[in-house]
Structures are given as C-alpha cells and as structure tokens.
Amino acid sequence: MDPLDFLTDEQLLRFFRCSRTEMSCMEQPHTFLNQLRDHHLIPEEMYKKLIRCRNKGVREKGVYQVLDWVEAKRPDSIKVFWNCVFKDHLLLQYPTLRLLRNRLLDGSFTFYEKLPEKMEKEEEEEDKKKKKASADGEEEEEEEEEKKTDSPFWKGEKSDIWTKPIYKIQLPVTCGDKEGILIRNKLATGERCIVVQGRWFTPSGFEEFGGKKSSNNWKYSICCRDTTLAELIQEGHLTSPDFKRRKSAQDSHLGSSSTVRRSLRMNRKVTHGNSASAKRALYPSNQSAGSITESEEDDDDDEEEEEEEAEQEREEGERGEQANTAGESSTGGSHCGVKKSVFKVTCGAKNGMLHNNRFASGSCGKSIRTDQCWMTPVEFVKGESALEDPSWKKDIQWDGKPLSLLIESEKLVIHSLLCKCNLCSSTANDRHDQDNDDDCFICRSQGNLICCDECPRSFHQRCHLPNVDDAILGDDFPWMCTFCVQRISQSWRYPKQMTYQEALTCRISDHLLECQYLLLCLYNADEDHIIVADPCINVRNYTSVIKTPIWLDRVVEKLQQNLYQTVQHFVSDVLLIFTNCATFNRDNAEFRGMGERLKVLFEREFKSTFSIQLQHPTASNSQ
C-alpha cells in the first residue's frame, strides 16, 4: 500500500513542512540531493553550491534552505517530491526517509491535529480585519471548512467521513485520556491496530492503556470522537473479525508416518511459493529492540476503583456481554462480562491453566488448557479419579486449595442450567470451537485464525511459518501446525544423534522445517518484541552502536527467499540478534536479560530439534 495514493497535495505539503528539519539533518545528503536534481526539483546553481559544502552545520542549513525553496516554488510537485525520495535505494541509505514513510503507513503522523499559524500570517489577518470587515466572514468560512476536513465528524455528520480518502485508512480514537490512531485494515484482520507514539496495541490492550480495563469491552470503551466502535461496527463502517476456522469439521488424529509426511509436504509447498509471500507481518508493529528501552506508562486505575467499577457492573446487570481473550472472544467462549484471569491448577500429576472467561460449569466450557488440549473441569479430573462422578470442585487444586474457594469468592461463576451461551451449548460445532485457542499462538491477538487439528494452537495465516495459503486450507486433509509436524516427525527424521558441527554443515533446504520451528519458538517467547522488528527505524542512534543490524522478521525474509545456504548461516544470523541485543542494552540489565533468556531458549531448542549429542558444545561456544 502506497501512502501517496490516498493523501491530498495539501496533506503532503503539511507533512513536508513538518519533516524539513529531520531531512536536513540526514548524514551524507549527496545522494538525496542528486535525486532532487535528477527530477528537476531544485535549480542547478543551488545544487552545485550546496554539493561543494564540506562543513556539516553549513550543509544542514543549506539543505533546509533547499527544502524551504521546494515548498515555496514547487508546491504543485509535492507528490513528485515524495515519490522520488521514497525510492528503494534512498530508503536503504537514509533511515530518516524510512521513518517518514513509516509514519504515513502506520498513521503515527496525524493530519487532524491543528497546528499553530505563523506569526506573520496572524499580523496580516489583523491588517485585513481593519481594512476590510467582510474578510472576517470569508476567513471564518475557510476555518470552518478546514476543521471540517481535519475532524472526522462535524456537527453530527457520520456518513460523509467515510468518503474522505485519509479516513478510509485510519481513524483517530480515544479511550479515557489516551489518544491513538486506529488502522482499519489491521482491525479487520485481527492484528495490533492502534498506534500511540510508535507503540502498537490490540483494542483490548489500548482499553487497558486508557485505564478502562475494568470495562472489559473495548467496542464500547474506545470511541472515534463521540461514536463508539461498536456503533461503527454495527453500521458496517468497521470490520472486527471474531471467528476461527478449521480445515475440516470433524475431529482427526494423525498418527501414521505417511500422514505426517503428507503434512510436511504441505508445509513446504507454502514455503516455496512466489517471492511475494516473503513479505510478512508477524507482529504488525514498529516496536523494536531499542524501543523497549523506553519506560512504559502505567496509567491503570488503582485496585479499589477497579473493584468498585466491577461491582457496579455486576449490580447494574451487565452480564450479557461476552468477555474477551486479549480482545473479543472469537468462540463465544465467555460469559457475564468477566475479566480474563488465568489460574494454574493441578489434579494429581496433571497440570493446566484454567481460563475463567471459558468457564461455565464442571461439564460445560472447555476452560482448562494443557499442552495437549482444552478440557472441561470434569474431563481434567477423570484421568486422576476412579469415581464415576468425580467431585471436580475438590479434586482440582489452585494454589494448594480446592477450586471451590474460587467459586465461593465469585472469581469463577457457574452458569445457570438455562444458560444458552456457546459454552453451555450441547451442539457438536459449539463444543468443537472450544478445542483451540482464541488467540494467535504467535502474536497473541485475535482475528481470522486457523486451527491445528492436532493440538490446541491457533494462528493467523501470516503468523504461522510457513505462511498458510487459502488453497491448502481448501483441501480435504486435516491441517497440522509446524510444532506438531516437528514433534511427530522427529523420530524418523533423526533416527540417530549428530554432532553440533554436523548439524551446522547441513543444507538449509533439507531443514526448513527445523528452522521454521525454531523461529516460531522465538516469536512466541518474545512477548515484549525486543528482537522482532527492524530497530533502525524507530530506535535513535541504533546504527551508531550496532554496525550489522539483524532482527527476526529479516531472518524470516532471508529464509523464505532462499538466501541461506547452510544451517550455519541461519544460526549465525540468529545468534547475531542476541549479540546485538546484549551490546545495545549493555546498560539495561532488564532487557539484556530478556535477550539472554531468548538465546538460552534457542540453543536448547536447537540441540533438541537436531538431536545434538549432549557432550558437544552449545551453539554459542562453537561460533
């Protein structure tokens, strides 16, 4: 998507005016000036005078003057200007230009904010008022028209806004005292869609950031001016995905090696698609390794206020809204507007996590997730009790205490026998919808999810590795995720152990599955996104510290574009990510520690995945 396609010349000029200082401070601007000269955007004499300048301060001042001249003399060519400076060779050389283009794409530059006028313009307007009284009316009309353009809604208008190009892409939203920009197509696909000063949020995350966590219903907590997102969704102006889909409606269990090999071939078929499939958006966010060094604000209301608000909600009978799992629940597996809480529970040797937004009763609502599947409390107990009708309230333990204490304290609410929600439904489809996670296992947001038929995991098609094509979802075979394919196939793929050096010398084309599995493990473990996106875009002075930047998304691109020849090349890039993280965060023990933990995870999983002999050195020691 080219941001220049939907912006007017007036908006591009405004963006230009606000970006001149940043562009004038670019290091080595010669290529930038050559581009302007080639497109006849600056005079030859001005170019020659500036290109000979060696003093940095004078050169920056000169570049600013050139840009000032472009605004004054070439306003009709502003789209030509941005088109020529956003060429790939300039974006690669100048991080500033990449950042500017990013602001147009993610909506972090807001055109609706009113900027102060120039002083000289105010003086001119004052003179006009004295000389010509009728000019006041004209100026007021112009100001009203400008406000009408900059504001999404004007005097109750709701429909005209959707015809304006910029608001077809993004909307200004508020929650509490927080303001952000909602990217409409990201909301429609279930990605992190609200950006606040470079930080990306899911709708429920923005609700919590705005201090409205107790409401637990972002559609009504987040507004575009005075209109809730719920109203916009109901009127068809916004799309909010709320479903999961499967490849087949019937349960399946794949055990034979031939079936596993077929799934493996299906996975590889996607990997070797055209180069366009390499353009992925795991974590559609611009946060990077350096952005985590900024302290995050904690603007949540205190616990007493939250308890009071929750109590008021219960008293007012707001029990019809279904709860969320990091957003709106996609299975209808929630009830009574409860806040999402997760409890670690045990029953004998069994361990699981009980999600209260999925809880309905002992036999309704698959609320306990183990590594293998989702279970109702009764199903979780049956394996540990010989009783025909086990007392699940006592047999399931939480924090060393029976689960009945959570029910008595109303942290868990048993649904009525007459309840008609999806959790209490007895239909096969409703129960089958509870077999998989409500959130993407990789990015932890909701949307159009595909469900693994072998494990509880769900994924966005772009988040899974390899990316999942619609064509594969349309066949008659069940679908297994990379985690399951790797687990089930490892015994026949590695009948004997190998040394670490032998693993490194393997051809990457023979071990795409293992590399994809390792990357998915890192994506899932990196909850703070410290190694995911390009740090050069948003992190100030990153390139002055790190000379060879690399990040997970880039490793995925190189893997999908067949740029690695051996496993060693792949491993070297991944380890370089951890080295860069440690170097850049040498004064930040918290984030340096996060990087170290991810490195330990990668090395452990690498040895396990490739069946490395334990007596041989780890990945880090052999590099």
Side-chain angles (χ1 to χ4, degrees), residues 1-53 56-118 120-121 142 146 149-150 164-170 181 183 195 198 286 534 536-538 540 543:
M1 179 183 65
D2 192 339
L4 303 181
D5 291 340
F6 58 84
L7 295 176
T8 65
D9 285 354
E10 181 182 353
Q11 291 169 330
L12 292 174
L13 273 172
R14 183 174 184 178
F15 183 65
F16 178 88
R17 190 176 303 115
C18 296
S19 307
R20 287 177 299 180
T21 301
E22 292 176 78
M23 287 189 285
S24 67
C25 295
M26 292 189 301
E27 296 288 340
Q28 303 296 328
H30 298 86
T31 307
F32 173 76
L33 294 172
N34 290 340
Q35 186 82 344
L36 297 184
R37 175 202 190 191
D38 293 344
H39 287 75
H40 307 292
L41 289 169
I42 59 175
E44 186 70 18
E45 293 182 4
M46 185 180 294
Y47 164 80
K48 290 181 178 179
K49 181 178 179 181
L50 186 57
I51 206 72
R52 291 193 297 265
C53 183
K56 181 179 178 181
V58 175
R59 184 174 62 232
E60 288 181 1
K61 183 178 179 181
V63 173
Y64 187 89
Q65 291 174 347
V66 166
L67 297 174
D68 200 34
W69 184 92
V70 170
E71 180 188 1
K73 303 297 184 182
R74 295 280 193 270
D76 296 336
S77 303
I78 190 62
K79 187 164 289 189
V80 175
F81 171 86
W82 286 118
N83 269 319
C84 81
V85 301
F86 282 164
K87 296 296 184 182
D88 289 343
H89 64 285
L90 290 180
L91 293 176
L92 289 173
Q93 182 172 346
Y94 298 109
T96 298
L97 295 179
R98 293 202 301 270
L99 178 59
L100 292 177
R101 189 174 190 276
N102 227 30
R103 288 177 185 170
L104 291 179
L105 280 173
D106 62 24
S108 56
F109 182 85
T110 53
F111 295 97
Y112 63 88
E113 290 183 355
K114 180 70 174 178
L115 297 178
E117 300 290 346
K118 293 182 179 180
E120 53 266 28
K121 187 173 182 179
E142 291 176 359
E146 184 177 349
T149 302
D150 289 345
K164 298 176 183 177
I166 186 62
Y167 295 118
K168 292 181 180 179
I169 305 298
Q170 60 189 36
I181 296 295
I183 309 301
V195 60
N286 291 323
D534 183 358
C536 303
I537 296 177
N538 289 330
R540 183 175 300 176
T543 54

Begin with the C-alpha distance, continue with both residues' side-chain angles, and end with the deciding distance and a verdict on side chain to side chain contact (heavy atoms under 4.5 Å, CB included) for Leu67 and Thr21. CA-CA 9 Å; Leu67 297 174; Thr21 301; over 6 Å; no
Tell me, with the steps shown, if Leu100 and Met23 meet side chain to side chain contact (heavy atoms under 4.5 Å, CB included). CA-CA 9 Å; Leu100 292 177; Met23 287 189 285; 3.7 Å; yes
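Here Leu97 contributes atom CG and Lys87 contributes atom NZ; the two are 13.0 Å apart, rounded to the nearest 0.5 Å. One finds the CG atom of Leu33 at 11.0 Å from the CE atom of Met46 (value rounded to the nearest 0.5 Å). Expressed to the nearest 0.5 Å, how far CD1 of Ile78 lies from OG1 of Thr8 amounts to 11.0 Å. Going from atom CD of Glu27 over to atom CZ of Phe32 covers 14.0 Å, rounded to the nearest 0.5 Å. Summarising the geometry, atom CZ belonging to Arg98 is positioned 11.5 Å from atom CG belonging to Asp88; distances are rounded to the nearest 0.5 Å. To the nearest 0.5 angstrom, Gln93 atom CD is 10.5 Å from His30 atom NE2.
Between His89 and Gln35, the closest side-chain pair of non-hydrogen atoms falls below 4.5 Å. Residues Pro75 and Asp9 are not in side-chain contact: their nearest non-hydrogen atoms beyond the backbone lie 4.5 Å or more apart.
Formation of a donor-acceptor pair under 3.5 Å by the Glu22 side chain with backbone atoms of Ser19 is not found in this model. Within the 3.5 Å criterion, the main-chain N or O of Tyr64 finds no donor-acceptor partner in the side chain of Asp68.
Paired with Tyr94 under the rule side chain to side chain contact (heavy atoms under 4.5 Å, CB included), one option of Leu91, Leu90, Leu92 passes, and it is Leu90.
Scored by the side chain to side chain donor-acceptor pair (under 3.5 Å) test, Glu44 finds Arg37 as partners (sequence neighbours excluded). Residues passing the side chain to side chain donor-acceptor pair (under 3.5 Å) test with Gln65, sequence neighbours excluded: none. Judged as a ring-ring contact (aromatic ring centres under 6.0 Å, His included), and not counting sequence neighbours, the contacts of Phe81 are Phe16.
Of all the heavy atoms in Leu41 and Val70, the pair that sits closest is O-CG2, 3.8 Å. Closest approach of Cys536 to Pro95, counting heavy atoms only: O-CB, 4.1 Å. Summarising the geometry of Val63 relative to Ser24, their closest heavy-atom pair is CG1-CA, 3.6 Å, with the distance given to 0.1 Å.
Residue His40 places its NE2 atom among 12 or fewer non-hydrogen atoms of other residues, nucleotides or ligands, all under 6.0 Å distant. More than 12 heavy atoms of other shown residues, nucleotides or ligands fall within 6.0 angstrom of atom CG in Asp38.
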